[in-house]
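Every chain is numbered from 1, with letters handed out A, B, ... down the list of sequences. Worth knowing before you read on, the calculation uses all heavy atoms, side chains too, and leaves out hydrogens, waters and symmetry mates. The structure displayed is predicted, hence computed values, not measured ones.
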2 protein chains.
Amino acid sequence: MLCPGPRPRNAAATRTAILDAARERFAAESYDDVGMRDIARDVGVDAALISRYFGSKDDLFLAALESCGDGSALMQGDKAEFGKRVAHEVVFEPKKADQLKGMSIMLRSIGSNRASEMVQTTCSAQFFGPLQDWLGGPDATVRARLLAGFIMGMSISRELGGGSFDLEPAECERMRDRLAVILQALIDN
Amino acid sequence: MLCPGPRPRNAAATRTAILDAARERFAAESYDDVGMRDIARDVGVDAALISRYFGSKDDLFLAALESCGDGSALMQGDKAEFGKRVAHEVVFEPKKADQLKGMSIMLRSIGSNRASEMVQTTCSAQFFGPLQDWLGGPDATVRARLLAGFIMGMSISRELGGGSFDLEPAECERMRDRLAVILQALIDN
DNA sequence: GACGCTTGTCAACAGGCGTTGACAAAGCCA
DNA sequence: TGGCTTTGTCAACGCCTGTTGACAAGCGTC
């Protein structure tokens with residue numbers, strides 16, 4: 001989407017363009033692998049401008065992470081269908097849900113020393129916390145950890161299989177169904 | 001364990017010392033965060049020596065990964081107790097099991113562009129494959145993916161909570177018990 | 001004892017990184 | 001039109017990285 005000629009002068013638009021590009025980049029690559037110059041090239045802007053708008057790379061990463069919104073979108077809709085809905089999204093539509101994009105960013109960079117602390121605090125505030133409150137009932141904390149862990153684990157597992165668990169479509173469906181049952185059991189409890 | 005004076009000349013010992021140090025480092029930090037000079041300092045040796053013994057950093061990483069052995073250790077013991085055993089190790093003794101150390105390395109570096117391919121192939125060969133063969137029965141592939149995903153996810157979740165899921169000890173026990181039931185159900189199926 | 005191979009150290013290189021300050025040009029206001 | 005602020009570019013800095021080749025010292029062998 002790069003246009004020839006000089007970039008029109010529009011600070012607000014440029015800022016959000018940078019933020020959008022950063023979100024995409026950090027969802028696809030780790031904190032260490034994403035360079036300021038990469039994001040700048042995506043937007044069609046000089047890397048120095050990013051520093052001026054967002055401060056440091058850490059600040060940009062945090063802004064991108066928080067721009068994904070909290071995980072509450074996961075929890076909208078019928079509670080009795082949570083298992084089916086989430087299992088379907090995790091297995092078949094990893095890129096669709098915005099809250100899963102936030103999780104992609106976390107998973108990509110949780111290993112990095114520079115990013116792990118930001119990831120931890122954000123994850124607690126935007127994922128564990130809301131999930132736990134929404135669950136309610138006995139052992140809500142424990143069930144939230146299990147749910148979150150399972151969802152993250154399946155995302156990692158998909159990643160390891162190269163985007164599709166390295167499974168046949170029919171097998172994916174059966175996995176989705178099994179996963180749905182397990183998740184739902186943790187919801188109902 | 002650094003001794004003063006020059007290092008005794010012993011190629012084999014030095015080589016394994018380097019490999020051990022690399023395994024520890026890569027289990028604790030991501031591929032990008034681990035520097036050749038860090039490992040060299042741990043061993044008390046010059047970084048150049050590592051290059052000569054192992055070739056490139058990629059080669060060293062792969063050697064460290066493969067030195068953890070395959071995941072078959074996870075599958076030894078009574079099949080009827082698999083759930084309990086693994087749940088206990090995942091929740092309470094993350095550092096104990098060697099095969100979990102291999103998984104730590106994978107989880108730390110799966111996000112890194114340079115390491116992800118090595119992690120993927122190693123994970124398939126040493127973790128998914130053996131688990132699937134060992135499981136047998138209907139839908140072995142699907143159940144193996146679910147099991148592996150859950151185990152990895154709980155490891156990540158523990159990491160995010162700062163080493164203990166951010167839970168009380170009593171809660172950890174209840175989580176272990178719930179996890180054991182879920183894992184065992186996937187084994188038996 | 002002198003040679004030669006092995007083992008380890010040291011200094012340096014090329015390349016990449018995030019960040020900074022000076023500079024250019026666009027747009028606004030008087 | 002002239003000045004001033006905003007927006008963007010450019011070149012450069014200091015730092016860190018993996019890797020290399022030259023050099024030093026230990027050790028076995030003739």
Nearest to the side chain of B:L49, which nucleotide is it out of C:dG8, D:dT6, C:dT19? C:dG8

Presence of donor-acceptor pair under 3.5 Å, side chain of A:R37 and base of C:dG16: no

Is it true that B:D46 and B:R37 make a salt bridge, defined as a side-chain N closer than 4.0 Å to a carboxylate O? no

Provide, to the nearest angstrom, the distance between the NZ atom belonging to B:K57 and the P atom belonging to D:dT17. 9 Å

To the nearest angstrom, how far is B:M36 atom CE from C:dG15 atom C1'? 16 Å

Determine, for A:R114 against A:D32, whether the closest basic-nitrogen to carboxylate-oxygen distance falls under 4.0 angstrom. no

Could you tell me how far apart B:Y31 (OH) and D:dT17 (P) are, to the nearest whole angstrom? 13 Å

Report which part of the nucleic acid B:A48 touches: base, sugar-phosphate, or nothing (heavy-atom distance under 4.0 Å, all strands). base

Round to a whole Å and report the spacing from OH of A:Y53 to C1' of D:dG8. 8 Å

Residue B:S51, side-chain heavy atoms: nucleotide from C:dG8, C:dT19, D:dT20 that is nearest: D:dT20

The side chain of A:A47 lies closest to which of these nucleotides: D:dT19, C:dT19, D:dT9? C:dT19

Whole angstroms only, please: what is the CZ-C1' distance between A:R9 and C:dC28? 10 Å

Counting only side-chain nitrogens and oxygens, does A:T14 get under 4.0 Å of the OP1 or OP2 atom of D:dG8? yes

Using the closest heavy atom to pick a nucleotide of DNA chain D for each, name whichever of B:R52 or B:G35 lands nearer the 5' end. B:G35

Give A:F54 one of three labels, base, sugar-phosphate or nothing, depending on what nucleic acid heavy atoms sit under 4.0 Å from its own. nothing

Describe, in one word, how the ring planes of A:F61 and A:F26 are oriented to each other, choosing from parallel (under 30°), tilted (30 to 60°) and perpendicular (over 60°). perpendicular

Can you tell whether the side chains of A:R174 and A:E168 come within less than 4.0 Å, N to carboxylate O? no

Whole-Å distance between C:dG16 C1' and A:D32 CG? 13 Å

